[in-house]
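Chain A is the first sequence line, chain B the second, and so forth, proteins listed ahead of strands; every chain is numbered from 1. Hydrogens, waters and symmetry mates play no part in the numbers below; they use all other heavy atoms, side chains included.
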Number of protein chains: 2
Amino acid sequence: MVEQTAVSQLSAAMSDDPAPIYQRVKQAIINQIIEGRWKAKQRVPSESEFVNELGVSRMTINRALRELTSEGYLIRMQGVGTFVAENKGYTAMLEVHNIAEEIAQRGNHHSCKILKLGTLKAGPDQAAVLGLSTGQSIFQSLIVHYENDLPVQMEDRLVNPLVAPGYLDQDYHQLTPYTYLMRVAPLTSGEHVVEAVLPDARQCALLALENNEPCLLIRRQTWSDTRIVTYAKLLYPGSRYKLVGRFKGHG
Amino acid sequence: MVEQTAVSQLSAAMSDDPAPIYQRVKQAIINQIIEGRWKAKQRVPSESEFVNELGVSRMTINRALRELTSEGYLIRMQGVGTFVAENKGYTAMLEVHNIAEEIAQRGNHHSCKILKLGTLKAGPDQAAVLGLSTGQSIFQSLIVHYENDLPVQMEDRLVNPLVAPGYLDQDYHQLTPYTYLMRVAPLTSGEHVVEAVLPDARQCALLALENNEPCLLIRRQTWSDTRIVTYAKLLYPGSRYKLVGRFKGHG
DNA sequence: CAGTGGTCTAGACCACCGC
DNA sequence: CGGTGGTCTAGACCACTGC
């Protein structure tokens, strides 16, 4: 055989750090992928091939491969094999936090003004984002959040009354709507969209903005099992609020 | 002992699914946390306590605890113990992708115009964001990316020449700067800030925007080990680009 | 059927921490 | 020092896949 096997490439790539073996195996595999020697969708060696080539226990190899799978580098299929995933390395994360906690963590004072808290008949759009039918009663709240008396978020929220029947009876000076909803209906998944918009005149007034000041708009839909719990539009003045995120690579 | 121990609470909470043991252990622990019986910062049983109580191998317990740690439910300290983490459930993720791939995945055509690709002497701000000294030579590129001939991103990038000496010699019609940089200097961490801004006249012209159209601005700093590789300012027209993210709860 | 990954065990040695 | 987590091994049994 003139051709070099995938495993023997790898055994050359193993560093001799004092780092744990599973870490070094992971790093060696990541290097193969990043440097293009193992391409997307290509099959990587089986666990037993790794074991034979590297002289390491199968549990150790298994841990390396399992972690790389959960980190998105590999895809495994029982009875079939392990393959290089696509698309890794170009995505990074951003976190969207609870506004009250975020303000508290900065050591500032959070307060809010409740502008609306009541019931309305769902129009077609409103029904759609909650997964209900047009004309059903739904809950709505409109709250402005302040950081040291400066408005930083306008929270316009629709709530599915079937999931959170007690929604209107809470004191949202004490806990945020999101915290309450988390409590009554553990979230299982969600989706959000971040965009830049110009606020209208009413939004400018409520957020104490000059005209033409751009805002971040986050629209978020939250599910609990098969039901949509809530749909929120969160509007942040661009001058007072930024989303910050950190990400880590191959550790 | 009248008081019920933490472990005996847990052994009652273990379901008798046919699911793998480590999964059932994880779910039982998550339930303790969600239902408030184990509170933030509180110590959870040690691995050997779990082993004795549940009659399961330590490796299995270790896997459950290790995965819960990487999922953010627990914090572990060698020689000390394992503790319930704070704040789970209030954060959600957003992904920031590589622009060219994102366009390709939508089935659209990506192209770009390279407006600048050269060297400049670092001013104080520019030196700071790359972790270099004022007056050093640094690389800069300015590229506008198009989706089906409509501009969607303006990429203004500073690059550390010590990390990527070949940066100026690439053809960025073929691969994006970020892809090239990933290849020469595997990223280890990064930070980005997302905000809403109003573009200036020049930016409006390059992105073919009306005046007063808000934009998303992502500023991203990327590290490789101890060195800053690149600092990028990515400007997206608010009308043509939105960040979308999905998140999942306690699985 | 043989090969794959998925899980589990019962030991082991180590580095680290607090006392 | 004893207790903690961090890692590793050499086996084992199983469910799944493709031929």
Which pair of heavy atoms, one from A/Gly72 and one from A/Ala85, lies closest together, and at what distance?
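Closest pair (atom of A/Gly72, atom of A/Ala85, distance): O-CB, 3.3 Å.
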Give the minimum heavy-atom separation between B/Pro165 and B/Leu162, together with the two atoms involved.
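Here B/Pro165 and B/Leu162 meet closest at CD-O, 4.1 Å.
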Rounded to the Å, how far apart are [X] [atom1] and [N] [atom2]?
X	N	atom1	atom2	answer
A/Ile75	C/dT4	CD1	P	19 Å
A/Met59	C/dG11	CE	P	16 Å
B/Ile21	C/dA10	CD1	P	10 Å
B/Asn62	C/dC14	CG	C1'	14 Å
B/Arg58	D/dT4	CZ	C1'	8 Å
B/Glu47	C/dT9	CD	P	13 Å
A/Glu67	D/dG6	CD	P	12 Å
A/Phe50	C/dG6	CZ	P	13 Å

Classify A/Arg63 by what it touches in the nucleic acid, base, sugar-phosphate, or nothing, heavy-atom distance under 4.0 Å.
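A/Arg63: backbone/sugar contact only, no base atoms under 4.0 Å.
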Touch check for B/Leu65, heavy atoms < 4.0 angstrom, all strands: base, sugar-phosphate only, or nothing?
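Here B/Leu65 touches no strand at all.
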Test for a donor-acceptor pair under 3.5 Å between the base of C/dG5 and the side chain of A/Arg66, counting only N and O atoms.
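Result: no qualifying N/O pair found.
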Start at the 5' end of DNA chain D and walk down; is the nucleotide closest to A/Thr60 or to A/Val80 reached first?
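Result of the comparison: A/Thr60.
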Taking only side-chain nitrogens and oxygens of [X], does any of them come within less than 4.0 Å of OP1 or OP2 of [N]?
X	N	value
A/Ser48	C/dT4	yes
B/Ser57	C/dG11	no
A/Tyr22	D/dC8	no

Give a yes or no on whether B/His173 atom NE2 has more than 12 heavy-atom contacts from other residues, nucleotides or ligands under 6.0 Å away.
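Above 12, so yes.
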Does atom NZ of B/Lys242 have more than 12 heavy-atom neighbours, drawn from other residues, nucleotides or ligands, at distances under 6.0 Å?
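Enclosed: over 12 neighbouring heavy atoms sit under 6.0 Å from NZ of B/Lys242.
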I want to verify a distance call: between C/dG5, C/dT7, D/dT4, whose nearest atom is closest to the B/Pro20 side chain?
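That would be C/dT7.
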Does B/Glu147 form a salt bridge (charged side-chain N to carboxylate O under 4.0 Å, His left out) with B/Arg240? I'd like the steps, not just the answer.
CA-CA 10 Å; B/Glu147 177 165 4; B/Arg240 294 176 211 147; over 6 Å; no
